Amino acid sequence: MSSSKLNIYNTLTRKTEVFEPIAAPFVGIYLCGPTVYGEPHLGHVRGPVTFDILNRYLLHLGYKVRFVRNITDVGHLTDDSDDGDDKILKKAILEKLEPMEIAQKYTYSYHSMLNSLNVLPAGIEPRASGHIIEQISMIETLIEKGYAYESHGSVYFDVSAYSKNYQYGELSGRITEELLAGSSRRTLEGQEEKRSPNDFALWKKADKNHIMKWPSPWGEGFPGWHIECSAMSKKYLGEQFDIHGGGMDLLFPHHESEIAQSKGCTGHTPAKYWVHHNMITINGQKMAKSLNNGILVKDFFTGNHPLLERAYSPMNLKFFILQAHYRGTLDFSNEALQAADKGLERLITAMNTLQELKPSRKGWNADLWKQKCYDALNDDLNTPILIAHLFDAVKAINSIKAGLEIIDESDLDSLKKHFPLFVTDILGLQNTAMPSANNKENELIELLIHLRAKAKTEKNYALSDEIRNQLSNLGIELKDSKEGTTFSKK
RNA sequence: GGUCGGAUGGCCGAGUGGCUAGGCACGGGUCUGCAAAACCCUUUACACCGGUUCGAAUCCGGUUCCGACCUCCA
């Protein structure tokens, strides 16, 4: 129960394990980042937010974290027909831009999104296009070791050769025979180049129309989808590092193939812990372009989308995500988002109220509460449980303020220290409601509050209500209490 | 067809054998000039069918439904 160590679910072992870094206090994390060919959508939010909590918590625990999140700017093939287009190239033709312009444009969009969500920047953010040499070098090693072969200017990973020494499918639980059986259901072009349908491309020959291509020992071409992550994680985190993260949709074939490439190349599994977050659904349905329910992240902030009843702030969206455990699917709906918004406001208001609290006698136990919060985090980053405990503290804070609960000085000090720690430092929620100090606007509001109080004592309720309503129209809400009137800005 | 993950009260979501989270919404109350905020009370759920057990949302077997992935698709 009160396990003092972080436990994390490892997809590789299918068990929750105690997190033990390979070389403490250093921790290496590699997170699969986006392919930058479009505006970030709702599905892009969960990964960065989830792993930001992990990053922040490990930093809080005192680890020296190297956080690597790649940007994929080498397009991958658009569809099975393999007509030579790739995602970035295709988008480039549509927008009449250079492929690199597309990648740059949407990298900015991605960063802007992360910034608004208060996600800590990655320590290293390598681009696939900047690591062609490393990828080629890794492919050469794989060929030397007999785990890859060239065919018509392309290079493929030889799954059956690999399977003689290792187990392809250890991560996703698939076995090669079943993969073969499944593949017979589909007919793909370009398969004749491969020795087996299970084999996947490490390097793909580019035809003459292909813009994004690089010279290689096998001619002009571009790297396969999986090799970039193997090459870049190895370069920046070493042959073995602590945590490799990504969405569950990447489990197969991407991460499976990454393991195979790295193992074939270096002889060992690249990451000790494989951590996967689950997907987001919209009104119970998956997000897909064909269903026309892919909401862009910027649409949430403007409310400009048919599925959105109103705008939702970045912190609203983030809090909504954190109220679910990262390994479960999360269903989006307007109702759920609005519920999260109300809850978040209560949480932030209580955090501000906390600063005004005065101690009295021994009462509410802050240390017991604090331990429960840590236990929740240690239990596979159980943010919904942590948030439930935070609301217990909210209740305590409000009760203390109302004189219905008491707290002594040391418990109050602990609460004042740890409540903001969990809310802002670890969950990374920003205190947007906190009125900034030394601000003329705040002084003016205080002046109006004073005038309203005067009107109230004179029983001039028409005037006092007008002040309240006019301020409300400006997005400033007044809250009366026995101690006086406070305000919050929307 | 295969692999993996789900099905919890009006909504969202925790919870792996008894103590039956949390948020939001609803209803009642306290406070208030009124309202808001705050506080108190309230609403007892676990897809279905069997089984194990003194006792199951939680374990076992079966069924139904849903989602992701199944080779260049992030």
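All chains are named by letter (A, B, ...) in the order of the sequence lines, taking the proteins before the strands, and each is independently numbered beginning at 1. This structure is a prediction, so every number in the text was calculated from the model and none was measured.
Spacing between atom CG of A:D331 and atom P of B:C65 amounts to 20 Å, rounded to whole angstrom units. Going from atom CE of A:M248 over to atom C1' of B:G6 covers 10 Å, rounded to whole Å. B:A21 atom P lies 11 Å from atom CD1 of A:I385, rounded to whole Å. In this entry the distance linking CD of A:Q338 with C1' of B:G10 reads 15 Å, nearest Å. Rounded to whole Å, atom C1' of B:G67 lies 16 Å from atom CZ of A:R327. B:C34 atom P lies 11 Å from atom NZ of A:K459, rounded to whole Å. In this structure, the CD1 atom of A:I467 is 19 Å from the P atom of B:C34, given to the nearest Å. Atom CD1 in A:I227 sits about 20 Å away from atom P in B:U71, given to the nearest Å.
To the nearest whole angstrom, the two C1' atoms, one in B:G27 and one in B:G62, are 42 Å apart. B:U43 and B:A25: their C1' atoms are spaced 11 Å apart (whole Å). Using atom P as the reference point in both B:C60 and B:U52, the two lie 15 Å apart (nearest Å). Here, B:C48 and B:G5 have their P atoms 22 Å apart, quoted to the whole Å. The C1' atoms of B:G55 and B:A36 are separated by 47 Å, rounded to the nearest whole Å. Comparing B:G1 with B:U8, their C1' atoms sit 31 Å apart, to the nearest whole Å. Taking atom P on both nucleotides, B:U44 is separated from B:G9 by 14 Å, rounded to a whole Å. Rounded to the nearest Å, the gap between the C1' atom of B:G61 and that of B:C19 is 30 Å.
A stacked arrangement is assigned to A:Y461 and the six-membered base ring of B:G33, with a centre-to-centre distance below 5.5 Å and an interplanar angle below 30°.
The base of B:G33 sits within donor-acceptor range of the side chain of A:D465, with an N or O pair under 3.5 Å. Side-chain to base pairing of A:R14 with B:C4: no donor and acceptor N or O lie closer than 3.5 Å to each other. Not a single donor-acceptor contact under 3.5 angstrom links the side-chain atoms of A:N398 to the base of B:A37. On a pure distance criterion of 3.5 Å, a polar donor-acceptor pair joins the side chain of A:R468 and the base of B:A35.
With a cut-off of 3.5 Å on both Watson-Crick or G-U wobble distances, the partner of B:C69 is given as B:G2. When both distances must be under 3.5 Å, the Watson-Crick or G-U wobble mate of B:G50 is B:C60. Pairing for B:C39 is with B:G29, a Watson-Crick or G-U wobble pair whose two hydrogen-bonding atom distances lie under 3.5 Å.
Defined by atom type and a distance below 3.5 Å, a donor-acceptor pair is present between the side-chain atoms of A:Y156 and A:K204. For the residue pair A:D331/A:S333, the side-chain donor-acceptor check at 3.5 Å is not satisfied. There is no side-chain donor-acceptor pair under 3.5 Å between A:T16 and A:N7.
Within the 4.0 Å cut-off from OP1 or OP2 of B:A25, at least one side-chain nitrogen or oxygen of A:K342 is found. Between A:R346 and B:C24 there is a side-chain polar atom (N or O) within less than 4.0 angstrom of OP1 or OP2.
With B:A14, B:C34, B:C72 as the choices, the nucleotide that has an atom nearest any side-chain atom of A:P384 turns out to be B:A14. For A:K194, the listed nucleotide lying nearest its side chain is B:U71; candidates were B:U71, B:C12, B:G33. Relative to the side chain of A:F320, the nucleotides B:C12, B:G23, B:G13 differ in distance, and B:C12 lies closest. In this structure, the nucleotide among B:A36, B:A35, B:G13 sitting nearest to the side chain of A:R452 is B:A35. Set against B:C69, B:C34, B:G10, the side chain of A:E335 has B:G10 as its closest nucleotide. Comparing B:C40, B:C69, B:G10 by their nearest atom to the side chain of A:S399 picks out B:C40. Side chain of A:N382, nearest nucleotide from B:C69, B:A35, B:G15: B:G15.
Of the charged side-chain nitrogens involved, at least one lies within less than 4.0 Å of a carboxylate oxygen, so that A:R468 and A:D465 count as a salt-bridged pair.
Of the candidates A:Y149, A:F157, A:Y162, A:Y149 is the only one forming a side-chain contact (heavy atoms from CB on, under 4.5 Å) with A:D199.
Of the residues near RNA chain B, A:R46 and A:L251, the one whose nearest nucleotide (by heavy atom distance) lies more toward the 5' end is A:L251. In terms of position along RNA chain B, the nucleotide closest to A:A324 lies nearer the 5' end than the nucleotide closest to the other residue of the pair A:A324 and A:D392.
Here A:G33 lies in heavy-atom contact (under 4.0 Å) with sugar-phosphate atoms only. Residue contacts for A:A201: at a heavy-atom cut-off of 4.0 Å it reaches a base atom on one of the strands shown. Across all strands, A:A336 comes closer than 4.0 Å only to sugar-phosphate atoms, never to a base (heavy-atom distances). At a threshold of 4.0 angstrom between heavy atoms, the contacts of A:L250 include nucleobase atoms, whether or not backbone atoms are also involved. Backbone-only engagement by A:K395 is indicated by non-hydrogen atom pairs under 4.0 Å involving sugar-phosphate atoms exclusively. When heavy atoms are screened at a 4.0 angstrom cut-off, A:T353 is found touching no nucleic acid atom at all. Nucleic acid contact class of A:H325 (heavy atoms, under 4.0 Å, all strands): sugar-phosphate only.
Here A:F320 and A:F300 keep their ring centres 6.0 angstrom or further from each other. Ring centroid separation for the pair A:F422 and A:Y374 comes in under the 6.0 Å cut-off.
Relative to the six-membered ring of A:F51, A:R69 misses at least one condition, a distance below 6.0 Å or an angle of at most 45° to the axis.
Taking 4.5 Å as the limit, every side-chain heavy atom of A:R310 sits out of range of all side-chain heavy atoms of A:L337.
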